[in-house]
Amino acid sequence: MEVVKMEKTVAEVIKKLDKLNAGDTLAAELSWCWVSFKNDNNPAGVLEKTEKALEVLKAEKEKNQRAVSKKLIEDLEKALN
């Protein structure tokens, strides 16, 4: 996980999830996990929630091609690797 890429991408993912009202409370959970990661450097929660967010974003893109940009999905995949 690249922290610099992840920081930028997580913020964009949280905004997109909020805008789409997707993933129930996933945006709030991801935000909490990110702050927790910045405090304790334990990436377990961030990785789990970003992987779940990736699934949700891909599902939203399948429903509506314009709902989620291809770049956001690619950036999230790169940040996870």
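Positions are given from 1, in the same order as the sequence printed here. All values derive from a computational prediction rather than experimental measurement.
In terms of heavy atoms, A53 sits closest to L17 at CB-CD1, 4.0 Å. Shortest non-hydrogen contact noted between C33 and V46 is O-CG2, 3.2 Å.
In this structure a side-chain-to-backbone donor-acceptor pair under 3.5 Å is missing from N64 to E60.
Within the structure, every pair that satisfies the ring-ring contact (aromatic ring centres under 6.0 Å, His included) test and touches residues 35-81, not counting sequence neighbours, is listed here: W34-F37. For residues 39-48, the set of pairs meeting the salt bridge (charged side-chain N to carboxylate O under 4.0 Å, His left out) definition, not counting sequence neighbours, is empty.
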Side-chain donor-acceptor pairs under 3.5 Å in residues 69-81, sequence neighbours left out?
| from | atom 1 | to | atom 2 | distance (Å) |
| --- | --- | --- | --- | --- |
| S69 | OG | L72 | N | 3.0 |
| K71 | NZ | D75 | OD2 | 2.8 |
| E77 | OE2 | K58 | NZ | 2.9 |
| N81 | ND2 | E77 | O | 3.2 |

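For the pair E29 and L26, the minimum side-chain heavy-atom distance is below 4.5 Å.
Follow the hydrophobic side-chain contacts under 4.5 Å out from M6 and you reach V3 in the same cluster.
L57 pairs with exactly one of K52, E62, K16 by the side chain to side chain contact (heavy atoms under 4.5 Å, CB included) rule, that one being K16.
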Open item on the list: Go through it in stages, so that I can follow the logic: the residues are L20 and V56, the test is side chain to side chain contact (heavy atoms under 4.5 Å, CB included), and I'd like the CA-CA distance, side-chain angles, deciding distance and then a yes or no.
Closed with: CA-CA 10 Å; L20 294 172; V56 169; over 6 Å; no
